[in-house]
Number of protein chains: 2
Amino acid sequence: MYDVAERSGVSIATVSRVYRNPDSVRAQTRDRVLEAARALGYVPSGNARGLASRTTGVLGLCFPDYSDPDAETEAEADDTYDDSAVMLYSDQIIRGMERAARRHGYALLIAASLKGGPESLVAKVAGRVDGFAVLARTVPTEDLEVISRRLPVVMLAGPREIDHLDHIEVANSDGERELTRHLIRDHGLRGLVFVGGEKDSPDAEARFRGFRDACAEAGLPVPDEPDLRAVMMTQAEGERAAEALLDRADQDGGRPQAMLFANDQMAIGALHALERRGVRVPEDIAVAGFDGIPLSRMVRPALTTVRQPIRRLGEEAVELLVQRLAEPTREPVSLMLPVSVTRRASCGCG
Amino acid sequence: MYDVAERSGVSIATVSRVYRNPDSVRAQTRDRVLEAARALGYVPSGNARGLASRTTGVLGLCFPDYSDPDAETEAEADDTYDDSAVMLYSDQIIRGMERAARRHGYALLIAASLKGGPESLVAKVAGRVDGFAVLARTVPTEDLEVISRRLPVVMLAGPREIDHLDHIEVANSDGERELTRHLIRDHGLRGLVFVGGEKDSPDAEARFRGFRDACAEAGLPVPDEPDLRAVMMTQAEGERAAEALLDRADQDGGRPQAMLFANDQMAIGALHALERRGVRVPEDIAVAGFDGIPLSRMVRPALTTVRQPIRRLGEEAVELLVQRLAEPTREPVSLMLPVSVTRRASCGCG
DNA sequence: GCCTAGGGTGAATGCGCTTTCATGACACAC
DNA sequence: GTGTGTCATGAAAGCGCATTCACCCTAGGC
């Protein structure tokens, strides 16, 4: 910048103005500066700019690191590669945030939490953005506590761990209840089983609660626990779960009339397993998922599911950040995004 | 930081060392500093750090802004929403880069080029990262010329516009040639038609060249132009293209034996159109795409395609950046990533 | 003729950190 | 006792920019 100033015979203040506020500089001067900048290959330092102006024009996103980055190459080579739900999930959030951020003139800095570093990730992101979003269970609550004192943080999908933070969640419980109601009421199904996730997955648990509520409403037996729990909730686990439930049914004598899964990945796996076993969907058994991932529409039969506005989650996160940036003192906001039951062939609709 | 230093009775230099090089500080001092930092809610400024150390720990990605961010909400609500190829494409690159960047301890800054701003995007990204990747046709060549004098830039997918830059492309032409050969040689198909993209899409053009080469090899008529050109190469365009080709065939009398599309999205659209028209795939006609997107495996019949290592593109980009950061003076590298023909049901295999 | 207003520009300060370089405090060997 | 390292720390000089304030110049009003 000093070089540019010298070459064009102005002061650095003027060079700065050319970039920050072009109209305040005479056109002739401006052109001279711009030309010098080009000749010198001048690239304004975002760091210096950020330091001086105390704002970066960047928003951040921290998401969990479920997948092992080193397993990458292997998976890539495999045609039956199973895109995990988490992966699709963060992709969509990234896209949502990126879009919304762009609309507001922000760039997006993304980083998956590396479990290794002490606070490496958060520190790196937090120090470099005007505000950021955190996926549930990504950053230790105590760190968030500290950071949120300095800049806006919004928590995504999951319980609100810190009261004074903005927070967005999805109506998991409502959605699953609605879906279950549909199966019971509109299709007259009775023997319902639910495949959930681990206990510490807030989403999966909320969905199970919705399932239970609907069962209770309908006067059906109310389970204390999901019939099965999956760990990563992958397609492969869904296949195994479906087979396990079928095996169990063969022993018990009574095959369930509907299998509900805590996410679409598992439900799609189940579809495969059922096809192999010669069990027809939806004639012999209904299947439903949760999430509304693109694949759910492509499989045959198309999967009945609950569409979750994941991308909107990302977009709303940005909106909240932008709003808080504009008005730092306003009350913390907690949004719950609505979901919608998508009825397709796998439950007997469409 | 000054506050932390004061509160813990040390100098700012020591506070800095606690974060940069913890071992060089006595454990007792370190603990005092860390405690003070926690009490004060201290978050190191990435900007200041970057300014002083002349390195950010962030890599960047600029990708094109094909989709209109404001059309978002509408599209989201539509169950038949057509994920465009471009969208999936950039998602995968982002993921690839993110993974690789993480492995090397970098975060990732992403920004789609906003056509509006003068150089807003690039300037924003370029000034904030240690190096970055650019998708073809995203940033004006002249800007790249300037920026690349200051920091490492790698060009992705597309012709190498600037000689001294690192560059990665995908063997589009080889892949399509291989695929076409397969159809001609292994399935004995003859009447082949090709649906391409616009002339200024380097990928689509390269694929068409591969198609032509294979036709020439086999002694078949060699077309000068694709039989049809799509603009955005979406699924909807694929449907229309298939119908147009069918209509044309009805007039000519001779239906083609195989339809090749410049990407999977169009091929999948074609599958739908053919099904509607009662044309059986692959019995009546073979269909093939290009890209190897996840959907290509899910559709029925499963789509024969050329798998493109998009994610690897992102990963390799990061590798190249990291290498150049380590050794700035080394010769520019130009990689061509291999692709592989994936034979599935839509050509008569599997 | 002088005075004023305002647009265009420069000098100087500080943003919060990293990084020499210098200093002090010891421990050890001579 | 003096010399020679070593380790822990402090002082101070930037890093590249935004921004305030003061200044100059010109045009306009009287």
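Just so it is clear: chains get the letters A, B, ... in the order the sequence lines come, proteins before strands, and each one is counted from 1.
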Per [X] side chain, nearest of listed nucleotides [options]:
{"X": "B:Arg20", "options": "C:dT19, D:dG16, D:dG10", "result": "C:dT19"}
{"X": "A:Arg49", "options": "C:dC17, D:dT9, D:dC17", "result": "D:dC17"}
{"X": "B:Arg54", "options": "C:dT9, C:dG10, D:dG16", "result": "D:dG16"}
{"X": "A:Ile12", "options": "D:dT9, C:dG16, C:dA12", "result": "C:dA12"}

Legend entry - Closest non-hydrogen atom pair, A:Arg324 against A:Thr329: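 Minimum heavy-atom separation between A:Arg324 and A:Thr329: NH1-C, 4.4 Å.
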
Inset, instruction - Report yes if a side-chain nitrogen or oxygen of B:Ser53 is closer than 4.0 Å to either non-bridging phosphate oxygen (OP1 or OP2) of C:dT18; otherwise report no. - result: no

Inset, instruction - Taking only the side-chain nitrogens and oxygens of A:Tyr2, find out if one of them lies under 4.0 Å from OP1 or OP2 of C:dG10. - result: no

Legend entry - Donor/acceptor link under 3.5 angstrom from B:Arg17 side chain onto base of D:dG10: yes

Inset, instruction - Calculate the interatomic distance between B:Asn21 atom CG and D:dC7 atom C1'; express it in whole Å. - result: 13 Å

Legend entry - Closest-nucleotide 5' rank along DNA chain D - winner of B:Ala13 and A:Val43: B:Ala13

Inset, instruction - For residues A:Tyr2 and A:Tyr42, establish whether the separation of their ring centroids is below 6.0 Å. - result: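 For A:Tyr2 and A:Tyr42, the ring centres are not under 6.0 Å apart.
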
Inset, instruction - For the pair B:Ser148 (side chain) and B:Leu144 (backbone), establish whether a donor and an acceptor sit closer than 3.5 Å, ignoring hydrogens and angles. - result: yes

